[in-house]
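First comes the structure, then the notes that go with it.
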Amino acid sequence: MLRRMRILITNDDGIHAPGIAILARVASRLGDVTVVAPDTERSGSSHAITLFRPLRLRPAGENWYACDGTPTDCVYLALNQLEVKPDIVLSGVNPGPNLAHDVLYSGTVAGALEGAHWGVPAVALSHCSGNEELLGELEAKLLPDLLDRVIPTAIELKMALNVNIPPADRAPFGGLRVTRLGERYYSNEVYERNDPRGRMYYWIGGSRVTMPDIEGSDCNAIKERFVSVTPLADDLTRSSAMGPLHEGLLNKLATPFHTR
Ligand code: MN
């Protein structure tokens, strides 16, 4: 008899975020769910790992654990301390997109990539509406079918997938599209303020966004109301630059490196 699938869930919005609750509810129809998630909001934490202070895991329900670290810490502890041995890691559902360069800042994506780093297929899920009230509709309508499709595919192909779901408050979904990361540029605001003690502080992170029209990109898919599914590599090597770099460094230098 086939055993039930084991599913590890994390996020970067904290264990009390609505998005992780709906993901755990929908995923539990497909397998046994363990949740290990940050105890507070850790959005924008990227792939940070906590190395210079202790980490604590606090039980937060049956097979739920809150960790005072990052999404990466959560997955690391789940795999290497709690010994969850999942068939898949799910991360999200993030309220707001993780498109294009967002994946480098995203704790949601890092949670999935930490799973992939340990050899576990993974899916990061982001809802491109920041409106958490729309998550109820997502749970009822789209998420069950989406997980039915992406989880077996990620496991079969041993992949880390970045899934972005268009907002559900306008036209109907166009369907599902396999994409590459596009380009997304935020405005570069820096807000300068005084704190109550009269010292200056800064608040960074622009809110106005431009997304160039790039065919086949995740950004275009979302603009055209498709669910975007991007396979992620954990190798940041720019392979196309290897030849020119070799040429530049080793063949064209005026002074050969080894003669210094
Ligand atoms: Mn987040």
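Both counts, for ligands and for their atoms, begin at 1 and track the order of listing. The shown structure was predicted, so the numbers you read here are calculated from the model rather than taken from an experiment.
- By the 4.5 Å heavy-atom criterion applied to side chains, R29 and D148 are not counted as neighbours.
- Scanning both residues, G206 and Y186, for their nearest heavy atoms gives O-CD2, 3.4 Å.
- For the Mn ion (ligand 1), the N/O/S atoms of N94 include one lying under 2.8 Å.
- For the Mn ion (ligand 1), the N/O/S atoms of N11 include none lying under 2.8 Å.
- The residues R53 and D68 are annotated as salt-bridged, a charged nitrogen and a carboxylate oxygen being separated by less than 4.0 angstrom.
- Looking at T72 and S45, their side chains never come closer than 4.5 Å, going by heavy atoms from C-beta outward.
- Of the angles at the Mn ion (ligand 1), the one spanning OD1 of D13 and OD1 of D12 is 90° when given to 10°.
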